[in-house]
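Reading through the structure tokens given below for one structure.
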Amino acid sequence: MADSVYRVTEVIGVSTESWEAAARHAVETASKSVRDLRIAEVVRQDVTIEDGKVASYRVRLGLSFKYETGD
């Protein structure tokens, strides 16, 4: 494997269904503007609560992508 440099940036996905759906939405949305996504690490999960019930699931992801070298 050649020497590489990666960047990690955080994004937050939100879903009324589940944490998995929130993560999927975050990755799919980020992939529209960031190329060569490599890894998504779950940094934090939480929920929003309304009237004593879970209203939405939120997932904070650390997304890594590879810098282009121009080779």
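Rounding to the nearest 0.5 Å gives a distance of 9.0 Å between CD of Gln45 and CG of Leu61. Considering CZ of Phe65 and CG of Asp36, their distance stands at 9.5 Å, rounded to 0.5 Å.
Taking every heavy atom of both residues into account, Tyr57 and Glu17 meet most closely at CE1-O, 3.4 Å. What you find for Lys66 and Ser4 is that their closest heavy atoms are CE-OG, 3.4 Å. The minimum heavy-atom distance linking Leu63 with Ala30 is given by the pair CD1-CB, 3.5 Å.
Cluster annotation: Val11 and Val34 are assigned to the same hydrophobic cluster (Ile/Leu/Val/Met/Phe/Trp/Tyr, side-chain heavy-atom contacts under 4.5 Å, transitive). Side-chain heavy atoms closer than 4.5 Å link hydrophobic residues (I, L, V, M, F, W, Y) into clusters, and following such links, possibly through other members, connects Val54 to Val59. In the hydrophobic cluster analysis, where Ile, Leu, Val, Met, Phe, Trp and Tyr join through side-chain heavy atoms closer than 4.5 angstrom, Val43 is grouped apart from Leu37.
In this structure, Ser31 contributes its side chain and Glu28 its backbone to a donor-acceptor pair below 3.5 Å.
Annotation for Ile12: atom CD1 counts as buried by contact number, over 12 foreign heavy atoms lying within 6.0 Å.
For Ser56 and Thr48, the side-chain atoms include at least one donor-acceptor pair closer than 3.5 Å.
The side-chain heavy atoms of Tyr6 and Arg38, taken from C-beta on, include a pair separated by under 4.5 Å. Between His25 and Ser15 there is no side-chain heavy-atom pair separated by less than 4.5 Å.
The pair Arg58-Asp46 counts as a salt bridge, with a side-chain nitrogen and a carboxylate oxygen less than 4.0 angstrom apart.
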